[in-house]
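Accompanying notes for the structure given below.
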2 protein chains.
Amino acid sequence: MGHTPGMATVPARSADAAAAPRGVRGRPARYSREELLGLIVAVFNERGYEAASMADLAAATGLTKSSFYHHFTSKEEILQMAVDRALDALSAALDESTALPGTAADRLADAIRRTTEILIDELPFVTVLLRVRGNTAVERQTLERRRRIDARLAGLVEEAARAQEIRGDIDPRMVSRLLFGMVNSVHEWYRPGNRTGSRRAIVDATVSIALNGLRPR
Amino acid sequence: MGHTPGMATVPARSADAAAAPRGVRGRPARYSREELLGLIVAVFNERGYEAASMADLAAATGLTKSSFYHHFTSKEEILQMAVDRALDALSAALDESTALPGTAADRLADAIRRTTEILIDELPFVTVLLRVRGNTAVERQTLERRRRIDARLAGLVEEAARAQEIRGDIDPRMVSRLLFGMVNSVHEWYRPGNRTGSRRAIVDATVSIALNGLRPR
DNA sequence: GTCTATATGTTGATAGAC
DNA sequence: GTCTATCAACATATAGAC
């Protein structure tokens, strides 16, 4: 066991969505898809993607269901936007780690660090990503993109093991799974406002525990 | 990122449920709730609890929806049975670790070992447990039981830190979350028949990486 | 761009015959 | 203990007025 996931709190706007800023002629103000997406993703993470109805999502934005459909054509399209944002960020971070000079172990440590940072900075979107199962076409395509990232991470581990910069007694793929399983688990308990540890403390902790384990300093 | 979850394969019986062993007078054979539960939980894990309809569950057992309702009164009752099985196993394992003589670090290592073993041995049930969100009363009660277990595990870490048997430079609660986040992540990729590593290899790996990290031996 | 109203299907759960 | 038939509630999505 680890930390028990609590329920994320939906941002303030949804509670008083009816009191949202209004444009001319009493009409609700217009929002970009990006702005709406943030409100929607909060509902996904609170209720679960499957359990969140389009009515729930519309209510969170302060729109009626129909107006909501004017901005998004389907629930799956919204999922696509959310996971793409997370996947793009993770891919970009991995690109940077891979391009780093120095030892293979340095690149691996950097990947652990950057991945943890993305997890924290893009928490709601990464959370949606990590919960995708594979029931629909969009979900399966999402899993495929994730697998490619996982394979690249496993490659970094293997490279470091081959250079004997890290231990070589455990299958690199298993090492990679366990390490990034630890990193990903941060999404289950990290909440921005909390005193569960600052961003800096969490990032340092994942890197240091990955490298040194529980050994006394 | 870590390992991308694949879709669990529903056991053979569900595919040819119509060809299941039959009792007298052409009627399907009777199954105990325990037997049925195994078939059901496989569907929960493939489709997700929310997405799995009672029709899906009934089909997996080879029963009609109505006959199915003769065995289980509601979907939530089934969830309760599944998570209880996982929680009971985890609690019992933790009891044993806590009762162990020796150092606090020994007890912690034992808890990591035993928790990993339960994860593997009770994989389908633990998987259901780890995905519970908190939308209904049963789910919230489940999260509460999980929290109690998490708190006990964090207690083991703190005890070892206070005895200076493990590093003391990171908040024990964060250490506990990361460690058991790593352990729990096994459920995302371990599949019984696979060559992703034997039970023994996985258990040794979680314990050893927790204790030593990536350091070369 | 928003709204009310509604089409169309699926959901969890039940009634009652055999 | 199984079945067929059915329910009310709710799902995603659309039509058309303003």
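What you see below is based on every heavy atom in this structure, not just the backbone, and it leaves out hydrogens, waters and symmetry mates. In the text below, chain A, chain B and the rest are named by the order of the sequence lines, each starting its count at 1.
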Phosphate-side-chain proximity, [X] and [N], N/O vs OP1/OP2 below 4.0 Å:
| X | N | result |
| --- | --- | --- |
| A/Thr64 | C/dT2 | no |
| A/Ser67 | C/dG1 | no |
| A/His70 | C/dC3 | no |

State, to the nearest 10°, the angle formed by the axis through the first five base pairs of the helix from C/dG1-D/dC18 to C/dC18-D/dG1 and the axis through its last five.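 What I find for the helix from C/dG1-D/dC18 to C/dC18-D/dG1 is an axis angle of 0°.
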Can a salt bridge be assigned to the pair A/Asp95 and A/Arg152 using a cut-off of 4.0 Å between side-chain N and carboxylate O?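 Salt bridge: yes.
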Between B/Glu34 and B/Arg85, does at least one N-O distance fall below 4.0 Å, as a salt bridge requires?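 Looking at B/Arg85 together with B/Glu34, the answer is yes, because their closest N to O distance falls below 4.0 Å.
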Can you check whether A/Gln141 reaches A/Gln80 side chain to side chain, under 4.5 Å on heavy atoms?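 A side-chain contact exists here, since the closest heavy-atom pair is under 4.5 Å.
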Tell me, with the steps shown, if A/Glu139 and A/Arg133 meet salt bridge (Lys or Arg N to Asp or Glu O under 4.0 Å). CA-CA 7 Å; A/Glu139 293 181 50; A/Arg133 304 304 324 155; over 6 Å; no
The test is salt bridge (Lys or Arg N to Asp or Glu O under 4.0 Å); show your working for B/Arg114 and B/Glu117 and say whether it passes. CA-CA 5 Å; B/Arg114 289 188 129 100; B/Glu117 285 171 349; 5.4 Å; no
Test log, rule salt bridge (Lys or Arg N to Asp or Glu O under 4.0 Å), inputs A/Arg148 and A/Glu144: CA-CA 6 Å; A/Arg148 283 200 287 273; A/Glu144 186 49 40; 3.7 Å; yes
Encode nucleotides 10-15 of chain D as B, S and - characters from 5' to 3', where the letter depends on protein heavy atoms closer than 4.0 Å: B to the base, S only to sugar-phosphate, - to neither. -SBBBB
Is a side-chain N or O of A/Ser208 found less than 3.5 angstrom from the main chain of A/Ala205, in a donor-acceptor match?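 Here the side-chain-to-backbone pair does not exist.
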